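Each chain gets a letter, A, B and so on, in the order the sequences are listed, and its residues count up from 1. Everything numeric in this text was worked out from a predicted model, so none of it was measured.
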Amino acid sequence: MTKHLITSALPYVNGLPHLGHLVGCLLPADVYARYLRQKGEEVLFICGTDEHGTPSEVGADREGMDVVDYCKKYHDLHVQMYQGFNLSFDYFGRTSSDQNKEIVYRIFKALDQNGLITERTTKQVYSPDDERYLPDSYVMGTCPHCGYDKAKGDQCEHCTKVLDPTDLIHPKSVLSGSSNIEIRETKHLFLELPKLEKELALWIETKKGLWPDIAYSIACKWLKEGLQERGITRDLKWGFSVPKDGFNDKVFYVWFDAPIGYIGITKQWADECPESRNWETWWLNAPDVRHTEFMGKDNIPFHTISFPATLKGTGEEWTQVAFLKGMNYLNYAGGKFSKSAHRGVFLDDALTEFPADYWRYWLMANAPESDDSSFSFDLFAGTVNKDLNDVLGNFINRVLKMIGNNFGNTVPSLGPVTEEEENLYAETDRLVHLYGDAMNRLEFRKAISALRELWVLGNNYIAKTEPWKVLKTNSTYGGTILNTAMNLILLYAKLSAPVMPETAAKIQALFLTNHALDWPTGTAADYLKTIRGGEPFALTEPLFKKILPEQVTELKLKYKETE
RNA sequence: CGCGGGGUAGAGCAGUCCGGUAGCUUGUCAGGCUCAUAACCUGAAGGUCGGAGGUUCAAAUCCUCCCCCCGCAACCA
């Protein structure tokens with residue numbers, strides 16, 4: 001049987017994540033993992049913080065901390081927030097772990113033995129005042145092409161020309177502002193991607209029609225342009241030191257060890273329980289594993305080209321990605337979310353404002369799947385009020401109250417069904433299939449829209465059958481309607497569970513008889529008879545609260561939403 | 001000619017592969033219902049489908065050219 005390995009792109013440890021990070025990979029991966037588990041599939045959901053590299057070193061300096069402590073601090077904060085959002089990782093690890101180091105070394109040595117690692121001398125910018133080498137984008141100066149004076153060492157934002165830091169006129173350090181800059185020659189190790197190009201191209205060719213168009217076309221684009229040798233080491237202190245003579249004072253480049261982190265973190269998971277877990281059964285010679293990756297669109301080249309090539313170069317049979325879900329970006333009220341400017345809604349704040357499920361639902365219903373999408377508190381409040389309060393919450397509330405008023409706190413029996421129920425069964429079947437198919441294809445907006453249609457269907461059913469009238473003359477059929485409605489509520493809990501786990505659990509708790517939140521099997525005519533007459537239930541407060549217009553106004557001010 | 005994505009009612013989107021009178025949600029307006037969180041249900045109004053040309057009996061959809069927005073370009077999801 002197929003085992004599902006699910007990975008979300010590893011969030012960079014530096015700073016706090018915002019809604020864009022959540023919807024870009026973490027949340028859809030979680031929804032998919034929950035959906036598969038619900039269907040009884042074997043799932044391993046892996047994620048963790050990506051920790052190495054210059055931004056961490058600089059961030060630690062800024063906070064006056066040791067980089068190890070700094071990463072630990074932010075790693076823990078990430079963990080806290082993801083728990084708050086109920087992300088159901090089987091393991092949330094770190095790319096700086098010993099386990100990852102072990103795998104990185106293993107892969108590096110295999111590549112080296114296969115003649116895929118070569119030495120080159122490169123020119124790097126060194127800043128004596130910062131006491132460090134500067135990444136290209138940390139060098140600023142005047143563009144030699146257009147004269148723009150804030151051009152960065154990798155590219156001029158004004159004329160869009162790609163630059164080398166050495167091209168810049170009057171270069172200075174972005175960090176210290178110092179123009180005391182040296183160009184130093186330094187030796188680095190390169191991965192010979194061109195030697196792997198053919199093999200990689202053949203493999204990618206097999207993904208045509210299987211991967212989403214964005215992923216496939218981006219991969220083809222890189223191949224078409226021809227792969228270049230790629231530096232995998234850096235002159236930094238924070239990272240895994242390179243286990244090769246003459247390079248021990250350098251570390252691996254973060255983009256080399258980060259994707260390997262998926263494997264390293266799996267080993268972290270396995271090491272917690274070595275008698276029952278084995279990382280190799282997921283990653284090596286494991287044809288029964290289907291690996292689904294979630295990432296923002298900017299990450300696609302790494303996951304379709306560099307990382308697969310790295311694994312192929314070892315000559316071993318590593319698990320390669322079977323399906324990539326690439327997400328576009330979520331914008332904030334017309335602009336970008338920004339970590340550095342702290343613009344937008346960050347996860348810690350989000351949780352203090354509203355329950356996780358409000359966010360989870362909105363983000364998945366508006367996931368940036370085919371295009372960038374935008375968050376604003378108006379849109380957010382509109383969806384929460386309409387979908388969650390009016391359509392779902394109110395349906396549950398009106399059914400529970402009606403039963404409470406007419407039958408006490410026990411579910412009435414199901415009597416003979418009429419054409420209305422038969423129609424309901426047929427329509428329910430159609431929508432449940434639509435929902436499941438969309439989930440299988442990882443089309444989240446479509447799935448959520450089918451889910452919503454199911455909620456509307458319930459209201460529709462009640463409006464047509466008018467149980468409040470029927471009960472006055474025919475309590476048997478009135479009971480049948482309300483029994484059916486109660487079964488719809490259980491169905492809603494099941495289908496909502498991947499997206500809104502807390503809400504699903506609350507609904508589940510209404511039923512004092514235990515009903516599992518598993519995937520409904522058979523047809524609606526079967527599973528809408530799960531709850532039988534006489535079962536007790538608990539009346540509760542409404543599940544959701546509306547977001548009032550004055551609240552929206554306050555939130556906009558508080559989070560600097562302009563426009 | 002760097003690459004990719006997008007432009008469809010006030011707003012947010014589907015439909016484009018495979019041509020057949022333009023659809024969904026929200027918002028607006030009218031009606032119904034009164035079990036329910038002023039919720040729910042039904043109906044109406046609202047679009048020259050970014051622009052121009054072409055193919056066709058027929059184009060949002062196929063072809064050509066152009067305009068605009070967004071992202072990426074190997075160190076900011």
Check this one for me: any side-chain N or O of A:K472 less than 4.0 Å away from OP1 or OP2 of B:C35?
no
Does a nitrogen or oxygen in the side chain of A:K464 sit under 4.0 Å from OP1 or OP2 of B:C35?
no
Starting the side chain at C-beta, find the nucleotide from [options] nearest to [X].
X: A:L330; options: B:C33, B:G15, B:A77; value: B:A77
X: A:E466; options: B:G12, B:A39, B:C33; value: B:C33
X: A:N459; options: B:G12, B:C40, B:A77; value: B:C40
X: A:Y329; options: B:G71, B:A74, B:C35; value: B:G71
X: A:A463; options: B:U34, B:A36, B:C40; value: B:C40
X: A:N405; options: B:A39, B:A36, B:A74; value: B:A36
X: A:N299; options: B:U37, B:G27, B:A77; value: B:A77
X: A:V456; options: B:U37, B:C41, B:C13; value: B:C41
X: A:K386; options: B:G27, B:U34, B:A11; value: B:G27
X: A:R452; options: B:A36, B:G71, B:U25; value: B:U25

Got a salt bridge between [X] and [Y], using NZ or NE/NH1/NH2 to carboxylate O under 4.0 Å?
X: A:R94; Y: A:D50; result: no
X: A:K446; Y: A:D437; result: no
X: A:E192; Y: A:R120; result: yes
X: A:E57; Y: A:R132; result: yes

To the nearest 0.5 angstrom, please state how far the CG atom of A:N385 sits from the NZ atom of A:K546.
5.5 Å
What is the nucleic acid contact for [X], judged by heavy atoms within less than 4.0 Å: base, sugar-phosphate only, or nothing?
X: A:V23; answer: nothing
X: A:N460; answer: sugar-phosphate
X: A:K446; answer: sugar-phosphate
X: A:G296; answer: sugar-phosphate
X: A:K469; answer: sugar-phosphate
X: A:G393; answer: base
X: A:G53; answer: nothing
X: A:F544; answer: base
X: A:N389; answer: base
X: A:P467; answer: nothing

Heavy atoms from other residues, nucleotides or ligands near CD of A:E550 exceed 12 (cutoff 6.0 Å):
yes
How many Å lie between [atom1] on [X] and [atom2] on [N], as a whole number?
X: A:N483; N: B:C35; atom1: CG; atom2: P; value: 21 Å
X: A:I396; N: B:A39; atom1: CD1; atom2: C1'; value: 14 Å
X: A:M402; N: B:U34; atom1: CE; atom2: P; value: 12 Å
X: A:F395; N: B:C35; atom1: CZ; atom2: P; value: 16 Å
X: A:D257; N: B:A74; atom1: CG; atom2: P; value: 19 Å
X: A:D387; N: B:G12; atom1: CG; atom2: C1'; value: 12 Å
X: A:L16; N: B:C76; atom1: CG; atom2: P; value: 19 Å
X: A:R398; N: B:A36; atom1: CZ; atom2: C1'; value: 6 Å

When the [atom1] atoms of [M] and [N] are compared, how many Å lie between them, rounded to an integer?
N: B:G31; M: B:A52; atom1: C1'; result: 45 Å
N: B:A60; M: B:G19; atom1: C1'; result: 10 Å
N: B:C76; M: B:G71; atom1: P; result: 14 Å
N: B:U42; M: B:A58; atom1: P; result: 38 Å
N: B:C1; M: B:G20; atom1: C1'; result: 37 Å
N: B:G32; M: B:U16; atom1: P; result: 40 Å
N: B:A22; M: B:U64; atom1: P; result: 25 Å
N: B:C63; M: B:C70; atom1: P; result: 26 Å

Under 3.5 Å for both donor-acceptor distances, Watson-Crick or wobble: does [N] have a partner, and if so which one?
N: B:C33; answer: none
N: B:G12; answer: B:C24
N: B:C65; answer: B:G51
N: B:C3; answer: B:G71
N: B:G19; answer: none

Looking at [Y], is its backbone amide N or carbonyl O close enough to the side chain of [X] to form a donor-acceptor pair, meaning the two atoms are under 3.5 Å apart?
X: A:N394; Y: A:N389; result: no
X: A:H78; Y: A:G15; result: yes
X: A:N409; Y: A:A538; result: no

With RNA chain B as reference, determine whether A:L379 or A:L543 sits nearer its 5' end, using the nearest nucleotide of each.
A:L379
